[in-house]
There are 2 protein chains.
Amino acid sequence: MIGARVRGLREERGISLSALARLAGIGKATLSGLENGTRNPTIETLYAVTAQLGVPLATVLAEPAATPTVHGAAVHATLLEVFADADATYELYRMRVAPGPGQLSPAHQPGVTEHITVFSGVLRAGPVDAPATAAAGGYLRWTSDVPHSYTAVGDEEVAASLLLRYPRA
Amino acid sequence: MIGARVRGLREERGISLSALARLAGIGKATLSGLENGTRNPTIETLYAVTAQLGVPLATVLAEPAATPTVHGAAVHATLLEVFADADATYELYRMRVAPGPGQLSPAHQPGVTEHITVFSGVLRAGPVDAPATAAAGGYLRWTSDVPHSYTAVGDEEVAASLLLRYPRA
DNA sequence: CGGGCCCGTTCCGTTTACGGAACGATGGTC
DNA sequence: GACCATCGTTCCGTAAACGGAACGGGCCCG
């Protein structure tokens, strides 16, 4: 898993296992075992390798579901950041809405608001009884304690940022 | 360094070293040595701990600023994502504004717009001749082809997301 | 073909990270 | 006071990660 990523990065750069081990100041046996997954490396060892590869440690630490994604019929969102404040918790998503029939989302807790800034395409979203439309650069905002919908207008996929605000109960 | 972060996260949660070691399925000696920096833990060990703390591994691996950050007198922004569309390029930032005198920013190219959603604190920002104010959950938007300013109102630091839209020339 | 070179893996002795147990310190209860 | 539970550190034998050396394989060159 992590070994495969290291090996991939090394081969991308076209350098040999022996050479990388020498550059990183570790034994060839260590690097071989790391790449093949037969060793459980220390942070220090892994850092020596990633530093030589010029990538941050996080690159090879394939977090299993580190960035949770939400899939739906038309909507696909990736969590970029969570911010927990005294008054509310914010979740910032990168959202894509595929063209077609759109997607319905059930009501959230009372007081939850959604904030969308459209990057590209045309989005029609909001409470099912009063959706609004925004094109690239536009902004939408509604209180999502009622069922709401997301629909891409036209044939183009919509890209946008979605901010969910959950007030402290 | 990394030990201090683990200790900080553990104490934030108010659980003892013994309890965390038991939950993570590792020895108390191991966790003690890890927190005090007298051991060089394996990935496996560190993962067991961070998983129990509910944070990704990257949280405790003090990466030297992998993502570019913009520092100013009062504003500190971290680039989260860049989105290049046919019509415009978007840059999404995580922004903090320190309390105090605020910060002035010169005019951008014509047509550039800024979009801010405030997470916490109260922010006063916009064109210098017509700034607007937003509290937690609020949204600001202006065309930034004129000089503009950012100021935290009150003593609390402002946290927000900043979206910059650069129309294609 | 033989020799030299570098490749990646395997072997092996040393170092060290590991978990369990023992330790002294602290706080609460009777 | 004695007692007990839990805290975080230290001690210690074991398991394993470490680097160096040896190994087999592939390639090039004379």
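A note on names: the letters A, B, ... follow the listed sequences, proteins ahead of strands, and every chain is numbered from 1.
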Rounding to a whole Å, what distance do you find between [X]:[atom1] and [N]:[atom2]?
X	N	atom1	atom2	answer
A/Arg10	C/dT9	CZ	C1'	12 Å
A/Leu34	C/dT10	CG	C1'	17 Å
A/Leu46	D/dC18	CG	C1'	15 Å
B/Asn40	D/dC18	CG	C1'	11 Å
A/Leu31	C/dT10	CG	P	14 Å
A/Ile15	C/dG8	CD1	P	10 Å
B/Glu44	D/dC18	CD	P	12 Å
A/Ile43	C/dA17	CD1	C1'	13 Å

Test applied, side-chain contact (heavy atoms from CB on, under 4.5 Å); reference residue, B/Ile116; option that passes from B/Val158, B/Leu162, B/Leu163 | B/Leu162

Is any side-chain heavy atom of A/Val112 less than 4.5 Å from a side-chain heavy atom of A/Asp145?
-> no

The side chain of [X] lies closest to which of these nucleotides: [options]?
X	options	value
B/Pro41	C/dC18, D/dT9, C/dG8	C/dC18
B/Thr30	C/dA17, C/dG19, C/dT9	C/dG19
B/Ser16	D/dG8, D/dT9, D/dC18	D/dG8
A/Arg39	D/dT9, D/dG19, C/dT9	D/dG19

Should B/Glu91 and B/Arg165 count as an ion pair when the cut-off is N to O under 4.0 Å?
->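 Salt bridge absent between B/Glu91 and B/Arg165.
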
Do any side-chain nitrogens or oxygens of B/Ser18 fall under 4.0 Å of OP1 or OP2 in D/dG8?
->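 True: B/Ser18 side-chain N/O within range (under 4.0 Å) of D/dG8 OP1/OP2.
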
A/Thr45 side chain N/O closer than 4.0 Å to the phosphate oxygens (OP1, OP2) of D/dC18?
->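 So the side-chain polar atoms of A/Thr45 do come within 4.0 Å of the phosphate oxygens OP1 or OP2 of D/dC18, strictly under.
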
Counting N and O atoms only, with roles assigned by atom type, does the side chain of A/Arg124 sit under 3.5 Å from a partner on the main chain of A/Ala152, one being a donor and the other an acceptor?
->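 Looks like no, no N/O pair under 3.5 Å.
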
Starting at the 5' end of DNA chain C and moving along, which residue's nearest nucleotide shows up first, B/Thr42 or B/Lys28?
->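 Its nearest nucleotide lies further toward 5', so the answer is B/Thr42.
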
Using salt bridge (charged side-chain N to carboxylate O under 4.0 Å, His left out) as the criterion, point out the one residue from B/Lys28, B/Arg5, B/Arg7 that pairs with B/Glu35.
-> B/Arg7

Report which part of the nucleic acid A/Arg22 touches: base, sugar-phosphate, or nothing (heavy-atom distance under 4.0 Å, all strands).
->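 Here A/Arg22 touches no strand at all.
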
Determine the contact category for B/Ile26: base if any of its heavy atoms lies under 4.0 Å from a base atom, sugar-phosphate if only primed atoms, P, OP1 or OP2 are that close, otherwise nothing.
->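 Contact class for B/Ile26: sugar-phosphate only.
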
